[in-house]
Protein chains: 2
Amino acid sequence: MAAEGPVGGSPPSRSKRADAQRNRETVLTAAAEVFVTSGVDAPIRQIAARAGVGMATIYRHFPTRADLVTAVYEHQIEACAEAGPSLLASADSPFDALRQWIDLFVDFLVTKHGLADALQSDSDRFAALHAYFLDRLLPVCTQLLDAAVAAGDIRPGTQPYELMRGIGNLCVGRDNDPRYDPRRLIALLLQGLERPRTP
Amino acid sequence: MAAEGPVGGSPPSRSKRADAQRNRETVLTAAAEVFVTSGVDAPIRQIAARAGVGMATIYRHFPTRADLVTAVYEHQIEACAEAGPSLLASADSPFDALRQWIDLFVDFLVTKHGLADALQSDSDRFAALHAYFLDRLLPVCTQLLDAAVAAGDIRPGTQPYELMRGIGNLCVGRDNDPRYDPRRLIALLLQGLERPRTP
DNA sequence: TAGTATCCGGAGCGTCGCTCCGTTTTGTCA
DNA sequence: TGACAAAACGGAGCGACGCTCCGGATACTA
């Protein structure tokens, strides 16, 4: 549907020179490592230093921070997107598929330091990241939600966009706080979505 | 219970010199104005310029950004805290009181640009703000929640801290997006909290 | 009015995002 | 192979920001 690459990153194969491709990979792995320890807000200088590369090289390959983040997590986002339909086929019910898919999504978010924060950031430094998530994941969520409604598992009226942003929001903030587990609240939310068992 | 002033702000009356007190007020109103347009993340320089004051003056009165934010919103936080018990007395049920109180809390959060973001910020630049909210509001929420559980309105087991942070989290992000209204999700969450009507 | 504790202001330092341009590398073609 | 142009590189440099430091101004006191 969209162009081949993610948001604005340069296509992985169109590039002519070999050193450019090599550097692209180097930057990508360095960024992945730095993101783990310093979050997706890590200074570009730090990533450049780790990659043994100038800052301009990073900006050349990934004009926006969102492009870099997207490229780093592209595979996992894709996997999450592809899990939707297959869960729908394998789960006991559409609602269960939705639940399991949301579990996947939450697992992805909470293991990436500061990713949820970036996604909902009201600065638009990450606007492109937000857009990419939406482009890729919103249709999946819509399909699951519609299926659950059609099966009578949940009440109708919930907008997929709102649900996804809500879930993302619940994953925002300090990690590793034993007093706060977004999964519990999301379970509560899904409980509220469930249709009363009186047809 | 806690010390008289908010987090770390200087006490409003203990100050000796008149110009210091005058400047404190000037900074406070300037900050309030700037927060409306630029959010609680506005540059200190901007607030200082608006107040016609040096930056050091602001840092002297409010060593941390959290102190400044807290001082600006102190009255409203206080009002929200005090609304708890009176709602419990006036509402139809404890659960209704909880609902109305959460409405108040959400209204407060969504009308302050970036405040919810700051509250849950992963950086600890706002740790003191987080602490102040908790100190002041968590007991109120706990009381309302306990009352609702005791009345049999909602199922037990929900931790007040988790609920409050969840609500705060749901208010995070871009404002004025017609596709996302945190109130709808919060209603869903409360629905999930409600005890099935089969005692 | 003189003296002093208090408070004020903004220059200055370090960090970060992002760009600009001289230099180096790579692919190509004679 | 050797030369040449296009492509890519790297880091100095600029503006913005958080926060501090210290010489100067100001308000209480006697």
Task: Identified side chain to side chain contact (heavy atoms under 4.5 Å, CB included) counterpart of A:Phe62 within the set A:Val69, A:Ile47, A:Val72, A:Asp67 - done: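 Result for side chain to side chain contact (heavy atoms under 4.5 Å, CB included) with A:Phe62: A:Asp67.
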Task: side-chain N/O B:His61 vs C:dC7 OP1/OP2, d < 4.0 Å - done: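 Answer is no, no contact under 4.0 Å.
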Task: Value rounded to 0.5 Å, distance of CG in B:Leu145 from CG in B:Leu193 - done: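 Nearest 0.5 Å value for the CG-CG distance: 6.5 Å.
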Open item on the list: Is the ring pair B:Tyr73/B:Phe108 parallel, tilted or perpendicular, if the boundaries are 30 and 60 degrees?
Closed with: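 Answer is perpendicular, since the angle exceeds 60°.
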Open item on the list: How would you summarise protein contacts on nucleotides 22-30 of chain C per nucleotide, using B for base, S for sugar-phosphate only and - for none, with heavy-atom distances below 4.0 Å?
Closed with: ---BSS---
Task: Base versus backbone protein contacts along nucleotides 10-18 of chain D [heavy-atom cut-off under 4.0 Å; B, S, -] - done: BBBB---BB
Open item on the list: My understanding is that only residues two or more places apart in sequence, or in another chain, count here; which of them pass side-chain contact (heavy atoms from CB on, under 4.5 Å) with A:Arg183?
Closed with: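 A:Arg183: side-chain contact (heavy atoms from CB on, under 4.5 Å) contacts with A:Val106, A:Asp107, A:Val110, A:Asp181.
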In whole angstrom, give the distance that lies between atom [atom1] of [X] and atom [atom2] of [N].
| X | N | atom1 | atom2 | answer |
| --- | --- | --- | --- | --- |
| A:Ile58 | C:dC16 | CD1 | C1' | 13 Å |
| A:Phe62 | C:dG17 | CZ | P | 16 Å |
| B:Gln21 | D:dC28 | CD | C1' | 13 Å |
| A:Asp67 | C:dC18 | CG | P | 11 Å |

TODO: Begin with the C-alpha distance, continue with both residues' side-chain angles, and end with the deciding distance and a verdict on salt bridge (Lys or Arg N to Asp or Glu O under 4.0 Å) for A:Arg22 and A:Asp19.
DONE: CA-CA 5 Å; A:Arg22 208 176 339 118; A:Asp19 55 347; 5.4 Å; no
Open item on the list: Is there a continuous path of hydrophobic side-chain contacts, each under 4.5 Å between heavy atoms, that joins A:Phe105 to B:Val172?
Closed with: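 In one cluster with A:Phe105: B:Val172, no.
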- [ ] Could you tell me whether B:Asp92 and B:Arg99 make a salt bridge, using a distance below 4.0 angstrom between a side-chain N and a carboxylate O?
- [x]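 Between B:Arg99 and B:Asp92 there is no salt bridge, as every charged N stays at least 4.0 Å from the carboxylate O atoms.
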Task: Any donor-acceptor N or O pair under 3.5 Å, side chains B:His130, B:Asp124 - done: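 The answer is no; no qualifying pair exists.
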